[in-house]
Structures are given as structure tokens and as C-alpha cells.
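Below you'll find the structure I mean.
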Protein chains: 2
Amino acid sequence: MDTVDETTSFFDTAPLLKDGSGGGPRRVVCVTSGGTTVPLEQRCVRYIDNFSSGHRGATSTEYTPTSFKYFLKSGYSVIFLYRRGTCQPYCRSLPEDPLLECFRVTDDDSCIQVQVHESHSEAVKTAISKHHAVGAISLSLVQSCVSYICLKVSFHDRLFQEILRLIATSMKMLGPSGMFYLAAAVSDFYVPWESMAVHKIQSASGPLDMRLAQVPKMLSVLRKVWAPTAFCVSFKLETDKEILLEKADAALKRYKMNAVVANELSSRKEVVILVTNSGKVSVYRDNKDSDVESPLIKLLVDKHSAHMNTTKLPFS
Amino acid sequence: MDTVDETTSFFDTAPLLKDGSGGGPRRVVCVTSGGTTVPLEQRCVRYIDNFSSGHRGATSTEYTPTSFKYFLKSGYSVIFLYRRGTCQPYCRSLPEDPLLECFRVTDDDSCIQVQVHESHSEAVKTAISKHHAVGAISLSLVQSCVSYICLKVSFHDRLFQEILRLIATSMKMLGPSGMFYLAAAVSDFYVPWESMAVHKIQSASGPLDMRLAQVPKMLSVLRKVWAPTAFCVSFKLETDKEILLEKADAALKRYKMNAVVANELSSRKEVVILVTNSGKVSVYRDNKDSDVESPLIKLLVDKHSAHMNTTKLPFS
């Protein structure tokens, strides 16, 4: 199935989603992950990218047997909208090139076999089995009675906004039970098509002057049109601590977010600050073996519960 | 071992390399692969990248049992200098996320096993076994009598030029037996450190004007200082057919390359044009199941032989 079919099929099950085994309306979160790119030429050779690895979104999605509370573990159904090639749920402990580094080929009685190295055995099994479980569940969704489901949808190039719009307008019927966890790093600047060089920009003629326009802020449209009653969490990343909280505050007010997660580039794996209308809370990881996503999501789930209790369903 | 140790160890075997089993001086090619990036901020959130997947360099390196003539198959020792995360030799027929798409986990008599899907079985076995063979050979190089060797060295960020310099100056002693096959897409423009924003550039204050400086042309230094007698092949990629050959010709003359491979973005997998002092030759792939790298390398090997016959060793 293609992206449109898969997403439509996912939402065709909305009655099931709204009447899950836990009682009450079923919670669905759309997690966006990885960064978007913008081309510098119409026949694109070069583009602007950003450092985002997709680690935050992938971790936040998982169901683990440990006490860590990510979205699937917290009873959410997840739509994981990720940039192709970025980190996937359950894959964060694998080496960069898992195929070449986790396996070896053994020649046993004229039978050539691929074996997993002992050191990576558990991580590889988890990544593969969870990946296939996700696929199987999303396809047999209507018939299934599983208590958690995850649909993975990938984007590349400029299709991110378009796919997010499709997901968001489909989630509209869930009202306040829907959540957006917008961890993807969306480009702020782009070159408009009409002012973009058609061919590869030539380097022979001295320095290159470029004027980049601001990307229209998608958060406004998401809040006003696509998902007016959903619980919306956006992310603000800065390298300058001095302006981080001020920028996060401004985003909270301007785009009417329910929460903004403020990260500073160098410390983002140890601490984030959750900014809401009721104040600012620093969220730390417990120790080096844990992460900041688990306590962050625990907080967000509580705030989402409160949001569901105080916000009317659009069709009720 | 780190990159410096591995590369030094590789060249410590130069007497062996120059006196291989084939008789005559041993040929070594440095294949560069993938693209380089340039940061837009000192505490880098954004950077300029290019489309290069590393497919050309990876394919050109391989040893295959077929009749295709890549470098290892043609008797060369290869130093494969690639951008982390780009295509590796023997991996081109794998899906984008091989770990998740090629494997399944089976539960057989309480023993959980990872199995390769039938459809990807051969590709996975080849990729893994060749990868480990490469590692083993590079580490036990001095003792080995194998007829072909490959050393993989990865780069990221701005370390490309530095590592290439190290490899090139070490290859100087090989004189005309050394070849450079510079398939990596090196950035043409960059923001000099002193004019670079320290922090993440803010999007609140309207459009962004950027002045990018030209990256100094490394090919001049490679030819003049690092590798004056090696056989040097550079690549020129354009999207505009009209200027491609003129640009390739200019590069041949300006940087005193022995050959320039001219590619046009849209047709680069079907045809390239080899530009040398003796003229231009179009190199086509035979059919859809073959590629342009095999006939290209066959031509280059012949031209390299002629170069070795007519160029004196620097120390002879």
C-alpha cells in the first residue's frame, strides 16, 4: 500500500481507536521525526539540511519491557512520520551500519549462514521483531484487538508538510484525544521556486550570494485549521541558552501550543525544559543509562489527560 | 586502530605493494566516495549537503565473480575513502534499511533466531562476508600474500581534505603506479569561520542573506604537491548538458588531470564521457543489468598502464 492508502486505512479504524480496551476515547499521537531539507537548485545537486538524527522521535515512540514510559508503553497508538534514513524505533542501540557490523557469515557443513554477533544479539532481535510487528499490525488493523499499534510513514524532500496535513486532518475527528509531538526539525528558510537557479550553481564566478525566504510557519495552520482541539507539543532548539526560553515562550503563545519542549543543542540529551501556560519545568534524565524522553512523556501524558478532561470533542 | 594508524600501517607495506605477485610495481587506487558538507553556523545546526549517495565509488571498488572489471577485480589495491553513511562496496543491491527489510526473527523450539529473507539472501551474504574480509585483510596486511586488498577509511564533516592529504602524501612513493579516482562530490562553496554565525541563525527577522565563498580547489594541491606523478581522475557533474564538456575540458587543463569523467545528473547511470588529452570517449553501459563503471574502469586501467610506461618513478 502507498502512504495515502495506509494512512486512510489507519483512520478507517477510528471507531475501534475511540473505543479501545482501556475504556474511554483512544489516544493517538503523531510523532514527527528527523529533519526536512530545502533544495538550492531546481535540478537539485545541493540542498540545506540540519543535524537532526531522528533519535528523539524514535525513542519517544517505543514500547519497552522496562519501566520507561514512552508513547506505545503509555497506551497510545502512534503514527511515526519520519525522514527516510533517520533513526527508527528500537534501533538506537545499534551501530551506525548495523548490517555490516552486527553480522558475520559462517560456513558450517557446506551451508553458509548469517549469524548475529553475540554483543549485538538482543538489540538486533528487538529491532527486527518490533519492525515486523508494526508492519503486520498496521495492515490487519481492523481485525486486530491489540492494545497498541504503530503506523510508520516515511517522508523525503518537501513531502513532509503534505503528509502531515493528511494525517492531521484525518486525526481531527479524534478531537482532544489526538496529540501532535512535533520533534522533526523543519527547515526555517528556503529558496522560492521562481527565484531558484534551474541548473547546478557554478562556482567559477566568485562568491555566491543567496537570499533565503522564511518558510511559512506550519504550526499556525496546524492549530487553526488541521487540528484545532488536539494536544499540540512543538520543539524549540537553540544553541544560545540566553534566548531559548524566550523563543519557546513566544512559540507557545503565537501558535497556541499546549506545550513547547525547549532544548539546547549541547545538553539536549541530559535535560529539556517543558514550557506550558502554567510554567516551566526542567526535565532531567535520571542517570547515564536512562534518557530524558521517558520523564518528558510521563509529564506530557498527564497534561494530555487534563486537556482531554477540559476540552470538548468537536462532534459531541 | 584509528584512521591515522590504519593508513600508516597500510603504507608501511609499500615494499610488498610494489612487488606483488603479478610482477612489476603494484597498483594502488584511492577511491573517494560520497559528498562533503559545509556548516552554516559555528555551533552547527544547519549545513549545505549534496545529493551524492556514494554509489559510483562503491561500485567502482568491488571484486565480483562476474566479468565486470572494477578496481579490485583489475588487480588494484584500493583505499576507499567514503563519507560515513553512504553506499559501501557490495551493498548497492540491498534495500535502504537492510537490517529491517532483509531479516526476520523466527521462534524455533524456544530458540529465537534471526533469518535472512530468501529474496535478499545472496546480497546480504556477499555484503557481510566481503566487509569482514576487507577488515581482516587490512589488519594482517604485512603477513598476507593475497592478491588484492582494500582499506576502508571513513570521513565526516570537514575532515575529508585532511585525510585525503594524508593518503596522497603517503602514496607519493608509489609514483605513477598510484591512481586517484576522485568520485566524491566536494562542496564548492562554504562560509568562512570568521564570518560564520556563532549560534543557530534566527528566522524571526525576515529573509536570510548569505555570502558563500569558494572552496579552494584541492585538485591543484593534489597534483602539484601531494601526488605529482600519480594518475589522477577527477569527476565533473553538471545538470546542464551545454556546459558539461567545456567545464570538464577546463578542469583537465587547469588541474593537469590525466582524465576527467563528465556526468550529467539525469543520465549519469547510463553514460559518462571520458575526457583526456587525446580526446573524448562516450562510455555507455551495455544494458539495464550492467553499469557504466565496468567499461569506464577498463578504459582507465589501460590509460593508467600507458601512464606507468611513460612516467618515471620519482626515486628511480
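The chains referred to below are lettered A, B, ... by the order of the sequence lines, with proteins before strands, and numbering in each begins at 1.
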Task: Region of Cys102(A) that comes under 4.5 Å of a non-hydrogen atom in chain B - done: neither

- [ ] Output the option from Lys217(A), Lys200(A), His199(A) having the highest count of non-hydrogen pairs under 4.5 Å with chain B.
- [x]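 The candidate making the most pairs under 4.5 Å is His199(A).
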
Task: Pairs of heavy atoms under 4.5 Å with chain B: top-ranked of Arg43(A), Gln214(A), Glu238(A) - done: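 With the most close heavy-atom pairs to chain B, the winner is Gln214(A).
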
Task: Nearest heavy-atom neighbours spanning Tyr63(B) and Tyr90(B) - done: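 Nearest heavy atoms, Tyr63(B) then Tyr90(B): N-OH, 2.9 Å.
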
Open item on the list: Between Asp188(A) and Arg46(B), does the side chain to side chain contact (heavy atoms under 4.5 Å, CB included) criterion hold? Intermediate values first, please.
Closed with: CA-CA 10 Å; Asp188(A) 294 313; Arg46(B) 306 183 184 90; 2.5 Å; yes

- [ ] Select, from Ile243(B), Asp240(B), Val116(B), Val114(B), the one with the greatest count of heavy-atom pairs under 4.5 Å involving chain A.
- [x]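 Most pairs with chain A among the choices: Asp240(B).
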
TODO: Drop me the distance from Phe155(A)'s CZ to Thr32(A)'s OG1, to the nearest 0.5 angstrom.
DONE: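 Reported to 0.5 Å precision, the distance equals 7.5 Å.
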
TODO: Against chain A, label Leu265(B) side chain, backbone, both or neither, depending on which of its atoms sit under 4.5 Å from a heavy atom there.
DONE: side chain

- [ ] Would you mind checking which part of Gln115(B) comes under 4.5 Å of any heavy atom in chain A, side chain (CB onward), backbone (N, CA, C, O), both or neither?
- [x]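 No part of it gets close to chain A.
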
- [ ] Select one option (side chain, backbone, both, neither) describing which atoms of Phe189(B) are under 4.5 Å from chain A's heavy atoms.
- [x]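 Side chain of Phe189(B) only, per the 4.5 Å heavy-atom cut-off to chain A.
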
Task: Heavy-atom proximity to chain A below 4.5 Å, by part of Val215(B) - done: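 No part of Val215(B) comes within 4.5 Å of chain A.
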
TODO: Search all heavy atoms of Pro192(B) against all heavy atoms of Ala213(B) and return the closest pair with its distance.
DONE: CG-CB, 3.9 Å

TODO: Please examine the side chains of Ile201(A) and Glu41(A), heavy atoms only from C-beta on, and report whether any two atoms are closer than 4.5 Å.
DONE: yes

Open item on the list: Ignoring hydrogens, what is the shortest heavy-atom contact between Gly54(B) and Ser33(B)? Give both atom names and the distance.
Closed with: O-OG, 3.1 Å

Task: When Leu208(B), Ile48(B), Leu237(B), Leu212(B) are compared by non-hydrogen pairs under 4.5 Å with chain A, the top option - done: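 Top option by heavy-atom pairs under 4.5 Å: Leu208(B).
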
Task: Closest approach of Phe51(A) to Tyr47(B) (non-hydrogen atoms, all atoms of both residues) - done: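 Taking Phe51(A) first and Tyr47(B) second, the nearest heavy atoms are N-CE2, 3.9 Å.
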
Task: Considering all heavy atoms, the nearest Glu101(B)-Glu96(B) contact - done: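 Shortest heavy-atom separation between Glu101(B) and Glu96(B) comes out as OE1-N, 4.4 Å.
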
TODO: Measure distances from Val45(A) to the heavy atoms of chain B and classify the residue's part below 4.5 Å as side chain, backbone, both or neither.
DONE: both

- [ ] Against chain A, label Asp97(B) side chain, backbone, both or neither, depending on which of its atoms sit under 4.5 Å from a heavy atom there.
- [x] side chain

